Structures are given as structure tokens and as C-alpha cells.
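This report concerns only the one structure given below.
Model, not experiment: these values are computed from the prediction.
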Amino acid sequence: MTGPSDGSTDRPIAIEDAIDIYLQRKAVGDPGGSGAGTYAANAESILGQFATWIDQERAVDSITALEPADLRAYAGALSERTDRGEYTASSVTTYYAVVRAFLAWCARGGIIASNPATDDRAESALPSPEPSDSGDSWAPDRRRRLEADVRERADAAVAGERDDRQRRLREYALVAVLAHSSARGSELFRVPEDDRRTGATWDDVDFYTGRLRVLGRSQRLEEVTVLGPARTALRRYRVVLDPPTNDWPLFPTRHAPSIAARVREELAARGHDDGAIEELLEANTASELARERAIAPPAITTEGARSVLKRLCERADIEVDGDYLTPRGVRSVRPGREDRREASPSKPQLRAPPVERTIAVPYDRRIVDVTGSSVDTDANSSADGTTNSSEE
């Protein structure tokens, strides 16, 4: 590969081509050392996203055309995603550092004259470091109050209307999973700006190992631990949700236009013309049609989850300095290396055989549904009404 240093400027070097060479060098550059291949694998996703963003948003596809203004815009975009709760400040710092290291390598090799990522104004656009856990204004007692409130409301909805019961159990499960697992909001919910982050599904849950498969910050599938209180809430919610397929989101959106759009798109892909689709939608709601035709609705977005949490905090009268609990603030389990591992190729099953359900929980904490299968519940939910299955 030649660059401006030898006069070959008539054929610009594409950013993606430079990234490919950089990753190859990093993967084999230190065969006797540790971590070179791992770095290349992790950097591949980050740099790939950078190349796509810089091409789509700044119309720059040549490495020599990159300017400090482009990197300032990229840093600003990363910062905005942090503000929306999609990335943490530490993740954004890592992403930018990977891009800066790549461009530094290009500068050292003479591919570009200087590193545009070292521009002071670009780096100042990055978000400030996150406060330490000791400075978290959301003390454990407030988290417990929020969880207790949603659990009590879920218990009280046992004899209520099916839709209301499903909504309350959804709220309970959402809070419990955030509080009792290290799963992040962007791993559980849909991120509209990222096609890969479509939200966790029931296919990702393994109740019997207590693991949840998510797309981690590394852009690889990881398994995180889901503690008992969260598994209990998810089991109760799953019974009333009764997902018809394994790819049904853990937390489907309740936004009717979004569900309708997904139903129309899928029906069209299945060969239905516009007239037939409208006729079906006139006879059924979009949610009913999605369930009948096994069309998985979109998951709730990260912003939608934040709105739900804000509403729940307002209802429970939980507030600190005018702010409300975010997905990150709910979490009582702090992620560590021991809590995450690379996901195995095998997929967990949505439903296990009845015998396995029976031996998985103590006898005095089982109830029986209409099929005769044992369903786990917590001590406060023995009257959970699991004989009912409701639609989305």
C-alpha cells in the first residue's frame, strides 16, 4: 500500500482498505505476545462503524480526505449517543481511542500527513468520565422502593383485566432485570440507530443456567448472569405474555403505529398485496394480527424504556434533585469480568419439558397451569393466575 510519501496520490486510499491492512498488521504483528488478535477482533467492529458513519454522515471515504472537523463531528455523535443512554462515557472514550490509534498508525506509515483525531476540539467534544459508584445518587433503598412498588402492583393485578395485568408484569420484569442483572439498556432494548441492537428476545433467555445472551459493548454476543429475583419476574411475565415464537422480544413495544408498520412490512414480504393487508388490519388490531401470524413486534426502544422508568418513579414518588432513575441507575449488580462470558453457539430453549420445570424449583413454590405444567413463582405470587394467557 502506497501513500502520499511516495507521490502516489492519484489513487486515493479508501478508509476501509486502510482499516483492513491495519487489522491484519495488528493481528500478526506480535505473534509471541498476548492480546494482539483480541485487539484486532474488537477493533474491527469499532473501526467498521466509524468508516460507515464517516461515509454516510460526512461523505468521506478516502483516508487522505479526513480532517479534524470530521473527527470533531464523530466525537460529537458519540457524545449524543451517551446522552441518550445508548453508550456509557467509558465506552465512547474507548471507541474514540481505537479510531485515534488507527489514524496514528496511518500517520506513522506516511499514509496521511498527521493524525486528525488528536485535534483538541475533537477530544473536548467527548463526554466527561462517569462518576464512580460511590457518587451514585440512587442509593439502594430507592432502587428497592421502586422494585417493591412495581412488584406490589403486579401482585394486585392478578384478578384484573388481562391487558392491565400484562402491562404491570412487564413493568415488574423490566425493573427486576435491570436491577438484578448486569445487562445494559442498549443490550435489552432496541437502539433505532444501530441495526444490530434490536433488543433481547425470549430465545436469549436460559432460565436453568440463569444466563441471558446479549450483544455486548465488544459487538460480540455475550452471556450475562440473571439473578433469582429477575428470573422470577421474567417467568411470571412470560406466562401472561405467552410469546408465540422464540424471537418475540422480551419487552415488545406497546406503540401501535410501530407494531402496525412491522405487521405491514412482514405481510408484504410474505406475498400479501396492499389491499389484502388493509383488509386484515380492518378485521384485527395490529397486535392481534402479529400474534395470529407469529410476526414478532419491535422491542421497546432505549428512550421508551427511560420514559417507562420515569413514569414508574413519578408514581412511586421517587425523585432525587429533580431527576429520575435511568436504566443504568436501576442496576444494583455491577458488571465484572466474572459476570460475563462469550456466548456459546448453542441457543437456549424458550420452553423446557414439564419434568425439568418440576425439578427446577422447590415443591412449595410451584403452581400448576391448565396444561398441568409446573410454573415457578415467588412467595408472594402463589395466586398469580397462571391459568390465563393473554395477547400482546
Side-chain angles (χ1 to χ4, degrees), residues 49 52-53 56-57 81 84-86 157 160-171 173-174 177 185-205 212-215 221 234 236-309 311 347-351 370-371 387-392:
Q49 291 184 39
T52 300
W53 186 90
Q56 294 178 349
E57 302 297 329
R81 298 189 71 168
R84 293 196 297 266
E86 297 166 19
E161 294 183 2
R162 180 173 295 179
D163 185 69
D164 181 58
R165 179 165 167 251
Q166 183 184 118
R167 177 175 55 81
R168 293 190 185 192
L169 283 168
R170 174 179 181 255
E171 294 169 351
L174 187 150
V177 172
S186 61
E187 296 169 342
L188 289 173
F189 314 123
R190 180 166 56 93
V191 180
E193 297 83 2
D194 191 334
D195 291 340
R196 296 189 68 195
R197 297 195 176 277
T198 55
T201 69
W202 290 101
D203 193 39
D204 297 320
V205 182
L212 172 65
R213 187 175 56 225
V214 299
L215 180 63
L221 291 176
L234 278 175
R236 295 181 60 190
Y237 172 48
R238 188 186 72 182
V239 169
V240 71
L241 177 64
D242 190 25
T245 63
N246 285 7
D247 63 351
W248 210 264
L250 283 186
F251 303 105
T253 182
R254 295 175 66 89
H255 185 241
S258 298
I259 300 173
R262 173 64 59 83
V263 168
R264 284 192 173 91
E265 178 185 1
E266 182 59 27
L267 289 176
R270 295 180 185 183
H272 295 268
D273 59 32
D274 291 344
I277 293 173
E278 293 307 318
E279 185 176 336
L280 287 170
L281 286 171
E282 286 178 4
N284 306 273
T285 66
S287 293
E288 291 170 344
L289 201 54
R291 179 169 293 277
E292 177 187 329
R293 301 300 178 100
I295 300 173
I300 189 174
T301 64
T302 49
E303 280 300 309
R306 290 168 71 92
S307 296
V308 169
L309 286 172
R311 173 171 52 80
K347 294 184 177 180
Q349 296 181 349
L350 175 62
R351 295 177 175 86
V370 290
T371 66
T387 56
N388 260 335
S389 293
S390 80
E391 61 191 29
E392 206 302 278

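- Taking both residues in full, the closest heavy atoms of A157 and R168 are given as CB-CD, 3.4 Å, listed atom of the first, atom of the second, then distance.
- Between L174 and L309, the closest side-chain pair of non-hydrogen atoms falls below 4.5 Å.
- Looking at every heavy atom in both residues, L215 comes nearest to E187 through O-CG, 3.3 Å.
- Within the structure, the salt bridge (charged side-chain N to carboxylate O under 4.0 Å, His left out) test picks out the following pairs touching residues 276-287 (sequence neighbours left out): R264-E278.
- Evaluation of the side chain to side chain contact (heavy atoms under 4.5 Å, CB included) rule for T201 yields D203, D204 as partners, not counting sequence neighbours.
- Nearest heavy atoms, R291 versus D242: NH1-O, 2.7 Å.
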One pair to check against side chain to side chain contact (heavy atoms under 4.5 Å, CB included): T253 and I259. What are the steps and the verdict? CA-CA 7 Å; T253 182; I259 300 173; 3.9 Å; yes

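- Closest approach of A286 to V263, counting heavy atoms only: O-CG2, 3.6 Å.
- Side-chain contact between L234 and V177: present, with at least one pair of heavy atoms (C-beta onward) separated by less than 4.5 Å.
- Taking the side chain as every heavy atom from C-beta outward, L289 and E292 approach each other to under 4.5 Å.
- Side-chain contact check for L169 versus V239: every heavy-atom pair is 4.5 Å or farther apart.
- Contact check on D163 versus R167 returns no salt bridge, with no Lys/Arg side-chain nitrogen under 4.0 Å from an Asp/Glu carboxylate oxygen.
- Judged by distance alone, the side chain of S258 and the main-chain N or O of R254 form no donor-acceptor pair under 3.5 Å.
- R262 places none of its side-chain heavy atoms less than 4.5 Å from the side chain of P297.
- Smallest separation of non-hydrogen atoms from L250 and Y237: O-CE2, 2.9 Å.
- The side chain to side chain donor-acceptor pair (under 3.5 Å) check on D247 picks up T245, with sequence neighbours excluded.
- Between F189 and T302, the shortest heavy-atom distance links the atoms CB-N, 3.9 Å.
- To the nearest 0.5 Å, atoms CD1 (I300) and CZ (R306) are separated by 12.5 Å.
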Test side chain to side chain contact (heavy atoms under 4.5 Å, CB included) on R238 and V205; report intermediate values, then the result. CA-CA 11 Å; R238 188 186 72 182; V205 182; over 6 Å; no

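- F251 places none of its side-chain heavy atoms less than 4.5 Å from the side chain of V308.
- Salt bridge annotation for E266-R293: absent, with no cationic side-chain nitrogen under 4.0 angstrom from a carboxylate oxygen.
- Formation of a donor-acceptor pair under 3.5 Å by the R190 side chain with backbone atoms of G199 is not found in this model.
- More than 12 heavy-atom neighbours from other residues, nucleotides or ligands sit within 6.0 angstrom of CG on D273.
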